[in-house]
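Below is one structure, written out as structure tokens; comments come after it.
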There are 2 protein chains.
Amino acid sequence: MKIKQDIKVAIDAVVFGYESKNSLSVLLIKRGIEPFKDEWALPGGLVLNDESLEDAVERELKEETGVTIDYLEQLYTFGSPNRDPRNRVLAVSYFGLVKPNHFKIKADTDAVDVQWFHLSELPKLAFDHQQILDMAHKRLKAKLSYEPIGFDLLNDEFPFSDLENLYMTILEKEIDRRNFRKKMLSFGIIEETNKIEKIGSGRPAKLFKFNKKKFQQLIVNDFHFEIKFV
Amino acid sequence: MKIKQDIKVAIDAVVFGYESKNSLSVLLIKRGIEPFKDEWALPGGLVLNDESLEDAVERELKEETGVTIDYLEQLYTFGSPNRDPRNRVLAVSYFGLVKPNHFKIKADTDAVDVQWFHLSELPKLAFDHQQILDMAHKRLKAKLSYEPIGFDLLNDEFPFSDLENLYMTILEKEIDRRNFRKKMLSFGIIEETNKIEKIGSGRPAKLFKFNKKKFQQLIVNDFHFEIKFV
DNA sequence: TCATTTATGCGTATGTTTAACACAAAGATA
DNA sequence: TATCTTTGTGTTAAACATACGCATAAATGA
């Protein structure tokens with residue numbers, strides 16, 4: 001006789017935000033219930049019977065953090081039998097990006113147990129969440145080079161230096177500013193606006209815009225986006 | 001009051017095999033039970049309470065097809081609420097490769113409802129399995145270019161022409177034989193054996209071997225495998 | 001106000017990699 | 001022994017990546 005399957009299904013989200021030079025952040029929550037009560041963990045939770053996995057991610061993020069996501073993709077499904085000390089829980093993990101606009105939202109609800117952590121100053125995480133986070137970080141680094149997802153970490157209009165710094169921060173590499181700009185512009189998916197940003201010292205910078213429509217038209221015809229610097 | 005979660009967890013496997021020039025095949029089974037009884041589908045089934053997802057894949061493949069897998073990786077998790085007409089079933093899909101050695105195994109059990117299908121002559125598939133298969137095929141094509149997984153579709157020792165044909169078949173592109181060979185050898189992960197294969201007409205070919213250890217040593221130091229031809 | 005600092009924007013030389021292509025070598029066939 | 005077929009190697013031009021130099025446009029402060 002067959003034993004009835006008893007596995008719960010949850011989602012977990014690794015959400016990255018980029019504020020300024022040299023600081024990539026991750027969104028974490030402090031757990032209110034056992035197991036791992038009062039420890040930091042990835043936002044997430046059980047999937048409802050009639051909702052899709054993506055809906056579950058959006059719902060949990062809204063409930064737990066109030067953050068609006070700008071890019072979301074499935075990462076990996078963690079299914080080892082003992083990853084949750086109580087019952088068996090399958091974790092379908094997602095990986096998301098938020099623009100700086102949407103970054104600050106949590107500031108209002110400071111009392112709540114949700115917080116952005118710099119990637120270099122992470123607390124100890126519950127469950128196997130460190131492993132999930134590591135995988136997400138690896139994916140972000142890899143994907144930045146061959147898909148234009150970096151724009152989902154910047155505001156709609158940005159100076160070129162923001163884009164440069166973003167790439168250098170995430171890839172943890174020095175990049176030649178001039179060659180980077182040349183290559184980026186050569187794809188023809190970034191537009192100049194007529195706006196100029198003048199803050200701080202130095203020459204004021206033109207603001208640029210990612211033309212997503214143009215990009216989507218291009219990829220139909222074997223167009224290949226790739227940024228790689230040694 | 002909370003409604004108890006009622007979601008089943010299954011795995012599905014898309015297994016590719018490569019016999020000869022111009023024929024990439026997929027392993028399918030004919031379902032013996034409802035729903036979709038007597039229709040073709042991907043091998044797979046429910047995960048047991050105490051087994052890992054990978055174990056479940058291996059078990060199901062063994063039970064249903066008798067095929068030994070040479071490469072396995074998680075593909076994607078399909079979780080839309082209505083993908084199974086009866087209950088909600090989450091499908092964690094896997095993508096696998098078998099070497100020609102292990103390809104024929106099924107021939108003994110011809111009576112069983114399991115069969116290799118050329119990718120160009122697929123039957124209609126049950127559930128959303130066509131979608132899963134498409135994604136696996138896409139992944140195989142993409143991955144062939146930046147990870148040396150092609151060797152898991154060839155015997156341990158192979159003539160260079162086999163490798164060329166494999167790439168041309170899967171990528172569906174003409175590749176310059178001479179440039180391909182030069183580039184492949186330049187990575188230093190393929191070894192010449194002292195064996196020579198003489199079959200058919202034409203000059204007999206040296207047999208080569210993929211040196212997996214060498215490859216694994218290299219990737220530690222930022223080594224990058226990449227085969228790309230237009 | 002005028003030199004200094006800071007950051008942007010453009011251009012050019014050099015080396016490396018890719019893409020296109022031709023022919024010799026080793027057997028099988030007949 | 002001439003012909004066919006497949007393997008094995010080399011050469012070259014064009015494309016691309018890399019490494020720079022320097023002018024420009026503001027803010028800063030002596």
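So you know, we letter chains A, B, ... as the sequences are listed, proteins then strands, and number each from 1.
Atom-to-atom, CE of B/M184 to C1' of C/dT18 comes out at 16 Å; the value is rounded to the nearest Å. Look at CD1 on A/I190: it is 12 Å from P on C/dG9, rounded to the nearest Å. Taking atom NZ of residue A/K228 and atom C1' of nucleotide C/dT17, one finds them 14 Å apart after rounding to whole Å. Rounded to an integer number of Å, the gap from B/I196 CD1 to C/dG27 P is 7 Å. The nearest whole Å value for the distance from the CD atom in B/E197 to the P atom in D/dG8 is 10 Å. Computed from coordinates, the A/F187 CZ to D/dA17 P distance equals 8 Å when rounded to whole Å. Atom-to-atom, NZ of B/K183 to C1' of C/dT17 comes out at 9 Å; the value is rounded to the nearest Å.
In this structure the side chain of B/F223 never reaches within 4.5 angstrom of the side chain of B/K214, judged on heavy atoms.
In terms of polar N and O atoms assigned as donor or acceptor, the side chain of A/R203 comes within less than 3.5 Å of the base of D/dT24 in a complementary pairing.
Under a 4.0 Å N-O distance rule, the pair B/D70/B/K99 does not qualify as a salt bridge. No salt bridge links B/R31 with B/E39; every basic N to acidic carboxylate O contact stays at or beyond 4.0 Å.
Aromatic rings of B/F151 and B/Y71 (six-membered ring for Trp) have centroids beyond the 6.0 Å cut-off, not under it.
DNA chain D lies under 4.0 Å from no heavy atom of any residue of residues 145-171 of chain A.
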What protein N or O atoms touch nucleotides 10-15 of chain C N or O atoms at under 3.5 angstrom, if any, and at what distances?
unit_1, atom_1, unit_2, atom_2, d
C/dT12, O4, A/K182, NZ, 2.8

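The closest donor-acceptor contact from the side chain of B/N155 to the backbone of B/N101 lies under 3.5 Å.
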